[in-house]
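These notes concern the structure reproduced below.
Note that the structure is predicted; figures quoted are calculated from it, not measured.
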Amino acid sequence: MMASALAHRGPDASGVWVDEAIGVALAHRRLSILELSTAGAQPMFSACERYVIVFNGEIYNHLDLRRELEAAAPAFGLAHQGTGNEISREKSVTWRGHSDTETLLAAVAAWGLETALKRLVGMFAFALWDRRQRTLTLARDRIGEKPLYYGVQGRAFLFGSELKALRAHPQFHGEIDRDALTLFLRHGHVPAPYSIYKGIHKLLPGTYLRIAARQGRSSGGVGDPTVYWSAREVAEAGAREFFRGSEAEAERELARLLMQSTAGQMIADVPVGAFLSGGVDSSTVVALMQAQSARPVKTFTIGFHEKAYNEAEHAHAVAAHLGTEHTELYVTAEQAMAVIPRLPVLFDEPFADPSQIPTFLVSELARRHVTVSLSGDGGDELFGGYNRYVWATRIWRRAGWLPSGMRGAIAGVMTALPRSAWSAVFSSFARFLPSGWRYADSGDKLHKLADVLAVKTPEEIYSGLVSHWKPPMTVVVGGSEPSTVVSDTSRWPDLPEFADRMMYLDLVSYLPDDILTKVDRAAMGVSLETRMPMLDHRVVDFAWRLPSSMKIGKTMGKRLLRQVLYRHVPRELIERPKTGFDLPLDDWLRGPLRGWAESLLDERRMVQEGFLNPEPIRKKWAEHLAGHRNWAHHLWIVLMFQAWLPVSGI
């Protein structure tokens, strides 16, 4: 039942291994990417039969690891230590197939778990049962591309790639964690290690958790995960040992690392393509793919008829220049909104990044042609791509020296007029203003600037930028907000630049908890594997060695990454203001989605459910409908929780 709930993640095959005497069961659903024969079937035993594994992901350097293992076989005795105390040393390695899962098992048998983990280049989540030690180990990749949930329910220790697998177990009782719900109201996602259910956790990226069989049968805790790779250590080491070469040398090294990463991620026994938005990150990945491919790379783009939200024409221009086999699909608002009823089941946990809709649509498009799609995710967090890295730093440098009382007074003047009034003022004088001062919703942006000026420290700027409902405890009935890496400054790295600290927090929170979650669920919902060359840990290590000046310029970020891209794509095809993968959600909520939203935001319904305080929600809903404020993202968070409740199993 648990494996069947994940059939979408692995439609090609399934397998189960059970040891009834110990009470251990491993199940797997397979999306065949490497080694399409039964030699790649899971659960898979190591050659010595000591270990059995269920594995989700890809090990991109597994062929290199195989060569190392073959060379070291006489010394290490691959497949040593069987299920008892016996030791058998092999003079050579005999491979049953060419799957990376088999390579991983051989690496663990030869080098031990932690050494093997540190040697892996890839994305993964796996469960490894040691038949001799009777221990189960759960492990997750360094950045968090692949998900892994776990927890004790009743007398059972459960784990799986998605919560729907855990919900399928008869001992799952599923009590909503109101404290985690406050985090969801603040961020629009539930940050790791929390989940929406009490007692169920997300394994943190870069860690593994080892438990004995007896722990899995107890109702107590199972201990804390062990860190095998630390983003904080990497960031701090990079700050101590900055790249000392010239910018031209840094560009060459970055190009080499990205070319290496992209080449490794193009290896598959099934068709491979790439998402292409026409922005810096996806264009770089596609350009490097095409530079290493003898045939046109298959690229995919979703377009919208609303010009303000359409990037398809930019992607088309990049695809034409590179000579890719490009497929684009223009979708209507009706087609996009038709995805909304599927979101609660697809994402399995309340999740409220509206770009989940176009991400699902482009994944669905790509799956008609390929089984694997590469993407440019990670470029913003590693190379300073988000606008906040530029303007938040600039504002603090220019205004941070002022006494906090004076900054607060200025903020008070700016917020004396409502947002709608400021927008009207800017609209009246728009033709007299420089183009850089002309924004839609100018009043909203001015009030956000006021919020920034009112803070006491630069860290508060970041916290405000990544927060929606503030404070969320006023909205969640009986909830209190637990600590996260964003709120606990003692967990921040020692980095001299404010922009670097923001990039770090995005790397360890926003990237895995929002971006990677969105891409994983949307793509795996249609049985599409996604790969992200920017997140190769060797690229990550190098990015942290780069000084901020090589990443962030006066007006935009990703300076060095752009130089790599301009080797392949003309600057004029890329240089334009940064846009997000967005939707006209504010208009939809006032128009075609109004009835759906009204039913979910009904005051009596919320009171009866007992999770949310309807008063602040209804106030924002009224202001949004009247056009006084754009509360679309705040309301979307509430709507995604309300829509999820009926499928929550509560």
One pair to check against side-chain contact (heavy atoms from CB on, under 4.5 Å): V16 and L26. What are the steps and the verdict?
CA-CA 6 Å; V16 178; L26 302 179; over 6 Å; no
Please evaluate residues I53 and T101 with respect to the criterion side-chain contact (heavy atoms from CB on, under 4.5 Å), reporting the C-alpha separation (whole Å), side-chain torsions for both, the decisive distance (0.1 Å), and the verdict.
CA-CA 8 Å; I53 196 171; T101 309; 3.7 Å; yes
Starting from the C-alpha separation in whole Å, work towards a yes-or-no answer on salt bridge (charged side-chain N to carboxylate O under 4.0 Å, His left out) for E253 and R256.
CA-CA 5 Å; E253 177 62 7; R256 184 191 69 81; 2.8 Å; yes
Run the salt bridge (charged side-chain N to carboxylate O under 4.0 Å, His left out) test on K558 and D380 for me, step by step, so that the C-alpha distance in whole Å, both residues' side-chain angles and the decisive distance to 0.1 Å come before the verdict.
CA-CA 7 Å; K558 295 190 276 201; D380 285 314; 2.9 Å; yes
Where do Y194 and H201 land on the ring pair (Phe, Tyr, Trp, His ring centres under 6.0 Å) test, with the steps shown first?
CA-CA 5 Å; Y194 308 102; H201 311 282; 8.0 Å; no
Determine whether K202 and E349 satisfy the following criterion, salt bridge (charged side-chain N to carboxylate O under 4.0 Å, His left out), listing intermediate values before the conclusion.
CA-CA 12 Å; K202 301 182 181 93; E349 186 176 39; 3.2 Å; yes
Given ring pair (Phe, Tyr, Trp, His ring centres under 6.0 Å), test F542 with F243 step by step and report yes or no.
CA-CA 8 Å; F542 181 69; F243 182 80; 5.6 Å; yes
Where do L516 and L535 land on the side-chain contact (heavy atoms from CB on, under 4.5 Å) test, with the steps shown first?
CA-CA 11 Å; L516 300 184; L535 297 183; 3.9 Å; yes
Go through the steps for E35 and S37 under the test side chain to side chain donor-acceptor pair (under 3.5 Å), then give the verdict.
CA-CA 6 Å; E35 181 54 87; S37 75; 2.5 Å; yes
Going through the distances and angles, do V318 and I574 end up as a side-chain contact (heavy atoms from CB on, under 4.5 Å)?
CA-CA 8 Å; V318 172; I574 301 298; 4.0 Å; yes
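Within the model, atoms CE of M503 and CZ of F383 stand 10.0 Å from one another, a figure rounded to the nearest 0.5 Å. Distance CG/D541 to CD/E233: 11.5 Å, rounded to 0.5 Å. Here the CG-CG distance, from L204 to L209, works out to 10.5 Å after rounding to the nearest 0.5 Å. The OG1 atom of T359 lies 10.0 Å from the CD1 atom of I302; values are rounded to the nearest 0.5 Å. Distance CG/L34 to OG/S99: 8.0 Å, rounded to 0.5 Å. Atom CE of M44 is separated from atom CG of L105 by 6.5 Å, given to the nearest 0.5 angstrom.
When side chains are defined from C-beta on, T324 counts as touching Q290, because their heavy atoms get closer than 4.5 Å. Two residues are said to be in side-chain contact when any heavy atoms from C-beta on lie closer than 4.5 Å; Y510 and V466 fail this criterion. The closest side-chain heavy-atom distance from T135 to I211 is not below 4.5 Å. A heavy-atom distance below 4.5 Å is not found between the side chains of M532 and M123. Two residues are said to be in side-chain contact when any heavy atoms from C-beta on lie closer than 4.5 Å; P225 and Y150 meet this criterion. For the pair L166/I200, a side-chain contact is recorded, criterion being any heavy-atom separation below 4.5 Å from C-beta on. Taking 4.5 Å as the limit, every side-chain heavy atom of F126 sits out of range of all side-chain heavy atoms of L138. Residues L495 and W544 form a side-chain contact, since some pair of their non-hydrogen atoms from C-beta on lies under 4.5 Å apart.
With respect to the salt-bridge test (charged N to carboxylate O, under 4.0 angstrom), the residues E145 and R140 do not qualify. Ion pairing between a basic and an acidic side chain is recognised when a charged N comes within 4.0 Å of a carboxylate O; R342 and E364 show such pairing. The pair D536-R538 counts as a salt bridge, with a side-chain nitrogen and a carboxylate oxygen less than 4.0 angstrom apart. Between R167 and D348, at least one side-chain N (NZ, or NE/NH1/NH2) sits under 4.0 Å from a carboxylate O, which counts as a salt bridge. Ion pair D12/R29 not flagged as a salt bridge, since none of the NZ, NE, NH1 or NH2 atoms sits closer than 4.0 Å to an Asp/Glu carboxylate oxygen. Residues D520 and R9 are paired through a salt bridge, judged by an N-O separation under 4.0 Å between the basic side chain and the carboxylate.
A distance-only check finds no donor-acceptor pair linking the side chain of S283 to the backbone of V280 [under 3.5 Å]. A donor-acceptor pair under 3.5 Å is absent between the side-chain atoms of R367 and the main chain of E529, judged by distance alone. Looking at R142, its side chain does come within 3.5 Å of a backbone N or O of K118 through a donor-acceptor pair. Between the side chain of H28 and the backbone N or O of F55, at least one donor-acceptor pair lies under 3.5 Å. Without hydrogens or angle criteria, Q292 side chain to L288 main chain gives a donor-acceptor distance under 3.5 Å. For S509 (side chain) and L505 (main-chain N/O), a donor-acceptor pair under 3.5 Å exists by modelled atom type. With hydrogens and angles ignored, the 3.5 Å screen pairs no side-chain donor or acceptor of D19 with any backbone N or O of A25. Counting only distance, with no hydrogens or angles, the side chain of R531 and the backbone of S373 share no donor-acceptor pair below 3.5 Å. Counting only distance, with no hydrogens or angles, the side chain of E102 and the backbone of R96 share a donor-acceptor pair below 3.5 Å. The backbone N or O of V485 lies less than 3.5 Å from a partner atom in the side chain of W492, making a donor-acceptor pair.
Other residues, nucleotides and ligands place more than 12 heavy atoms under 6.0 Å from the CZ atom of R368.
In this model, a donor atom of one side chain and an acceptor atom of the other lie less than 3.5 Å apart for K518 and S355. Side-chain atoms of S277 and S282 include a donor-acceptor pair closer than 3.5 Å. Side-chain polar atoms of Y386 and E381 form a donor-acceptor pair below 3.5 angstrom. Remark: the T262 side chain and the Q260 side chain contain no N/O donor-acceptor pair separated by less than 3.5 Å. Side chains of S527 and H8: no donor on one and acceptor on the other come within 3.5 Å. Side-chain N/O atoms of D269 and H98 include a donor and acceptor closer than 3.5 Å. If you check the side chains of Y60 and D100, you find no donor sitting under 3.5 Å from an acceptor.
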Which donor-acceptor pairs under 3.5 Å do side chains of residues 235-242 form with protein atoms, sequence neighbours excluded?
unit_1	atom_1	unit_2	atom_2	d
E236	OE2	R232	NE	3.3
E236	OE2	D494	N	2.8

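Taking the six-membered ring for Trp and thresholds of 30 and 60 degrees, F347 and F351 have nearly parallel ring planes, at less than 30 degrees apart. Classification of the W17-W129 ring pair by plane angle, with boundaries at 30° and 60°, yields tilted.
Residues M550 and L546 come closest through the heavy atom pair SD-CD2, 3.9 Å. Summarising the geometry of H537 relative to L120, their closest heavy-atom pair is CE1-O, 3.6 Å, with the distance given to 0.1 Å.
Annotation: cation-pi geometry satisfied between R66 and W95 (NZ/CZ under 6.0 angstrom from ring centroid, within 45° of ring axis).
When each of W111, F124, W229 is tested with L117 by the rule side-chain contact (heavy atoms from CB on, under 4.5 Å), just one qualifies, namely F124.
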